[in-house]
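Heads up: the structure comes next, in structure tokens.
As the structure is a prediction and not an experimental result, all values here were calculated from the model. Note: hydrogens, waters and symmetry copies are ignored here, and every other heavy atom, side chains too, is used.
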Amino acid sequence: MDPFDQHSPGPATGAQHSTSAALPSADSCYRALAAKDTRFDGVFFTGVKTTGIYCRPVCTAKTPRATSCTFFATAAKAEAAGFRPCLRCRPELAPYALQQNLAYAVWQRIAAGALNDGDLERLSQEVGLSSRQLRRVLVQHFGVTPVELAQTQRLLFSKKLLQETALPMADVAFAAGFGSVRRFNALFAARYRMAPTAVRRAGATSGATIGVLGPDSLTLGLAYRPPFDWPRMLAYLAGRAMPGLEAVLPDDERGAYVRSVRLGDAHGWLRVTQDAGRDQLRLQVSASLAGVLMPLLARVRSQFDLDANPAVIAAHLAQDAGLAPQIAAQAGLRVPGAFEPFELAIRAILGQQVSVAGATTISGRLLARFGEPAATPFAAVTRHFPRPQQLAQAEVGDVAQLGMPQTRAQTIIDFARFTADGGLNIRPGTGLDAAVAQLKTVRGIGDWTAHYIALRALRFPDAFPAGDLGLQKAAALIDAAPERLTEKQLHARAQDWAPWRGYAALALWHALA
């Protein structure tokens with residue numbers, strides 16, 4: 001019997017709010033645990049009563065008896081119940097089982113370090129709730145308070161750094177968001193009943209590494225649920241890479257994505273490859289970025305869509321007879337995201353009414369004219385993307401001379417002002433229609449551009465630019481229609497693909513290519 005018979009663990013498809021984190025039945029969880037089912041990785045965690053340890057369902061340890069197991073929807077809930085993380089399967093590596101609702105959106109922010117400064121009021125204001133409402137939402141959904149959730153994320157992140165890097169203990173503590181080494185040591189010992197140094201010793205025998213580009217870099221693993229169509233991901237990113245900022249390199253047989261990084265005052269670079277023989281990507285970053293690793297890893301996970309559940313998405317889209325062959329041929333399809341939403345939005349504007357190659361050329365000119373120098377070990381990566389405030393102050397003529405009409409140059413400047421004023425900071429729980437409407441308040445941003453930005457930069461999986469001529473042509477091909485569909489026809493055709501219309505769009509684009 002398939003564990004999915006009783007529960008489908010993918011992201012929620014309906015309302016923006018939920019009362020509790022989705023958890024399969026105990027029988028389903030145990031079947032998935034016994035089968036080491038990768039589809040459930042991150043969907044639940046198993047607390048083993050006889051050992052006091054909690055594991056991922058893919059843990060290679062001997063499967064405990066069902067009577068010894070208790071199941072939790074999140075790592076935070078498992079730790080709140082007194083269990084400590086397994087050193088073998090390492091729960092901190094599990095991909096998230098994220099849903100499109102307010103609670104999970106807040107969780108994403110906390111996982112990226114939003115509460116590392118302890119400012120709950122600021123986070124509450126950002127998400128449009130009072131601190132009391134925020135606490136109630138998280139307790140109802142995850143069974144833990146915002147502070148408990150943040151503590152779990154910091155501890156798991158510090159455990160990851162201890163096992164995968166050679167960072168000094170003080171750097172680990174601060175990178176994980178602790179205000180002091182003393183506080184880090186105390187909470188670690190209280191929660192995990194061992195000293196951080198004990199985990200570091202375990203990590204020394206399980207793959208802690210120095211970056212392959214030298215001792216001034218760090219290498220970390222980022223897990224995903226298989227399959228993952230890495231070649232298609234790289235091909236898509238390669239065709240749209242902005243010269244000077246990012247590149248796809250044939251570093252090995254699987255290829256590598258590289259780019260410059262600027263987060264706050266921290267400058268550096270990153271390199272992403274697929275880890276041979278393991279269900280994870282390998283991220284290498286310059287040591288100069290150690291202090292911003294929490295938000296950096298969250299961005300990379302988003303850019304490469306690592307928290308997607310391909311089995312759930314493919315099962316839904318394959319119900320369409322016309323689309324099914326493309327879904328079968330593209331197993332492990334992900335929607336390429338954006339490391340920095342503003343960059344992607346400007347790239348989308350540059351792509352209006354021009355070819356992909358033409359937009360790439362113009363984006364390279366924009367980097368050369370307005371970008372700032374970046375020091376990286378990659379000859380193809382030499383610039384940082386201009387900040388919104390910088391482009392907001394540019395002259396229309398200076399932007400237009402890069403190779404575009406003045407109206408589009410004005411749109412770029414207006415969008416930079418929109419971003420500088422917080423326009424891209426979409427509140428958690430905001431629906432797709434509201435987000436698209438907010439983007440379209442900028443003159444020159446139409447439905448196609450807004451949906452494209454919503455899909456790739458804002459991570460709305462149901463965004464669907466029905467006005468795209470390529471999608472209209474590809475949809476006609478899968479239905480053997482004599483001519484391309486109109487925007488209205490395509491919009492109607494895509495209704496059955498919801499809430500994964502964005503993945504259907506990627507499948508159609510790839511099919512057309």
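- Using bins of under 30°, 30° to 60° and over 60° for the plane-to-plane angle, the ring pair F188/Y192 lands in the perpendicular bin.
- Using a 4.0 Å cut-off between a side-chain N of Lys or Arg and a carboxylate O of Asp or Glu, R282 and D275 qualify as a salt bridge.
- The list of side-chain hydrogen bond (donor to acceptor under 3.5 Å, both in side chains) pairs with a residue in residues 287-297, not counting sequence neighbours, reads S286-S288.
- The two residues E343 and L245 have their closest heavy-atom pair at OE1-CD2, 3.5 Å.
- At least one side-chain heavy atom of P196 sits under 4.5 Å from a side-chain heavy atom of N185.
- At distances below 3.5 Å, not a single donor-acceptor pair connects side-chain atoms of D41 with backbone N or O atoms of R225.
- Proximity of a side-chain donor or acceptor of R90 to a complementary backbone N or O of C86 within less than 3.5 Å is not detected.
- Here L283 contributes atom CG and L296 contributes atom CG; the two are 6.5 Å apart, rounded to the nearest 0.5 Å.
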Report task. Could you go through the salt bridge (Lys or Arg N to Asp or Glu O under 4.0 Å) check for R301 and D307 one step at a time? Result -> CA-CA 7 Å; R301 293 199 67 86; D307 297 315; 2.8 Å; yes
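- Between the side chains of R271 and S217, no donor N or O sits under 3.5 Å from an acceptor N or O.
- Scored by the salt bridge (charged side-chain N to carboxylate O under 4.0 Å, His left out) test, E126 finds R109, R122 as partners (sequence neighbours excluded).
- No side-chain donor from either of Y236 and R232 sits under 3.5 Å from a side-chain acceptor of the other.
- Taking the side chain as every heavy atom from C-beta outward, V106 and L138 approach each other to under 4.5 Å.
- One finds the CH2 atom of W497 at 5.5 Å from the CG atom of L323 (value rounded to the nearest 0.5 Å).
- Rounded to the nearest 0.5 Å, atoms CG (L508) and CD (Q326) are 7.5 Å apart.
- Partner F44 forms a ring pair (Phe, Tyr, Trp, His ring centres under 6.0 Å) with one of Y30, F71, Y54 and no other, that one being F71.
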Report task. Evaluate side-chain contact (heavy atoms from CB on, under 4.5 Å) for C69 paired with T67, printing each intermediate quantity in order. Result -> CA-CA 6 Å; C69 297; T67 54; over 6 Å; no
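- Between A308 and I313 the shortest heavy-atom distance is CB-CD1, 4.2 Å.
- If you take CG on L222 and CD on Q303, they are separated by 11.0 Å, rounding to the nearest 0.5 Å.
- Side-chain atoms of S124 come within 3.5 Å of backbone N or O of L120 as a donor-acceptor pair.
- Taken from CG in L93 to CD in Q280, the straight-line distance is 6.5 Å, to the nearest 0.5 Å.
- Under the 4.5 Å side-chain criterion, counting only non-hydrogen atoms from C-beta, I453 is not in contact with P341.
- Side-chain contact check for D229 and Q330: no donor-acceptor pair (N or O, by modelled atom type) lies under 3.5 Å.
- Residues F178 and F174 place their aromatic rings such that the two centres sit no closer than 6.0 Å.
- Residues F40 and L33 fail the side-chain proximity criterion, which asks for heavy atoms closer than 4.5 Å.
- Residue-environment remark: CZ (R183) stays at or below the threshold of 12 foreign heavy atoms within 6.0 Å.
- Checked by atom type and distance alone, the side chain of K49 never pairs as donor or acceptor with a backbone atom of T70 at under 3.5 Å.
- The shortest heavy-atom contact between L424 and L458 is O-CD2, 4.0 Å.
- Between W107 and Q153, the side chains place a donor N or O and an acceptor N or O closer than 3.5 Å (distance only, hydrogens not considered).
- Put simply, the side chain of R56 never gets that close to the backbone of E92: no donor and acceptor are under 3.5 Å apart.
- Proximity of L123 to I110: side-chain heavy atoms (C-beta onward) are separated by under 4.5 Å at one or more points.
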**Report entry** Derivation of the side-chain contact (heavy atoms from CB on, under 4.5 Å) call for L506 and L455
**Finding:** CA-CA 10 Å; L506 260 293; L455 176 64; 4.2 Å; yes
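- Under a 3.5 Å cut-off, the side chain of H451 and the backbone N or O of F464 do form a donor-acceptor pair.
- A distance-only check finds a donor-acceptor pair linking the side chain of T165 to the backbone of L161 [under 3.5 Å].
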Query raised in the report: Passes salt bridge (Lys or Arg N to Asp or Glu O under 4.0 Å), D462 versus R501? Steps please.
Result: CA-CA 5 Å; D462 203 35; R501 292 185 303 173; 3.1 Å; yes
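- For K160 (side chain) and L220 (main-chain N/O), no donor-acceptor pair under 3.5 Å exists by modelled atom type.
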Report task. Any chance you could lay out the side-chain contact (heavy atoms from CB on, under 4.5 Å) test for L187 and L155, step after step, and finish with the verdict? Result -> CA-CA 8 Å; L187 186 60; L155 286 170; 3.9 Å; yes
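- Annotation for F385 and M242: closest pair CE1-SD, 3.7 Å, computed over non-hydrogen atoms.
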Query raised in the report: Would L344 and Y452 count as a side-chain contact (heavy atoms from CB on, under 4.5 Å) if you check the C-alpha gap in whole Å, the side-chain angles of each, and the deciding distance to 0.1 Å?
Result: CA-CA 9 Å; L344 186 284; Y452 189 79; 4.3 Å; yes
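- In this structure the side chain of L102 reaches within 4.5 angstrom of the side chain of L129, judged on heavy atoms.
- The distance from atom CZ of F157 to atom CG of L162, rounded to the nearest 0.5 Å, is 11.0 Å.
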Report task. Go through the steps for K159 and E164 under the test salt bridge (Lys or Arg N to Asp or Glu O under 4.0 Å), then give the verdict. Result -> CA-CA 9 Å; K159 181 176 173 292; E164 296 187 31; over 6 Å; no
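- Side chain of R456 to main chain of P336: a donor-acceptor pair is present (N/O by atom type, distance under 3.5 Å, no hydrogens or angles).
- If you check the side chains of Q163 and R200, you find no donor sitting under 3.5 Å from an acceptor.
- For an aromatic pair to be called close, the ring centres must be under 6.0 Å apart, and H316 with Y503 fails this.
- Counting only heavy atoms from C-beta outward, the side chains of Q284 and L270 never approach each other to under 4.5 Å.
- Looking at N309 and Y224, their side chains never bring a donor and an acceptor atom within 3.5 Å of each other.
- When atom types are taken as modelled, the side chain of H267 and the backbone of S260 share no donor-acceptor pair closer than 3.5 angstrom.
- A centroid separation of 6.0 Å or more is found between the aromatic rings of F142 and F72.
- T74 and F45 get closest at one heavy-atom pair: C-CD1, 3.5 Å.
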Requested in this report: Kindly indicate, with the supporting measurements, whether the criterion salt bridge (Lys or Arg N to Asp or Glu O under 4.0 Å) is fulfilled by R84 and E79.
Outcome: CA-CA 6 Å; R84 62 186 187 276; E79 294 198 7; over 6 Å; no
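- When every heavy atom of A331 is checked against every heavy atom of P227, the shortest pair comes out as C-CG, 4.0 Å.
- V285 is not listed as a side-chain neighbour of W269, based on a closest heavy-atom distance of 4.5 Å or more.
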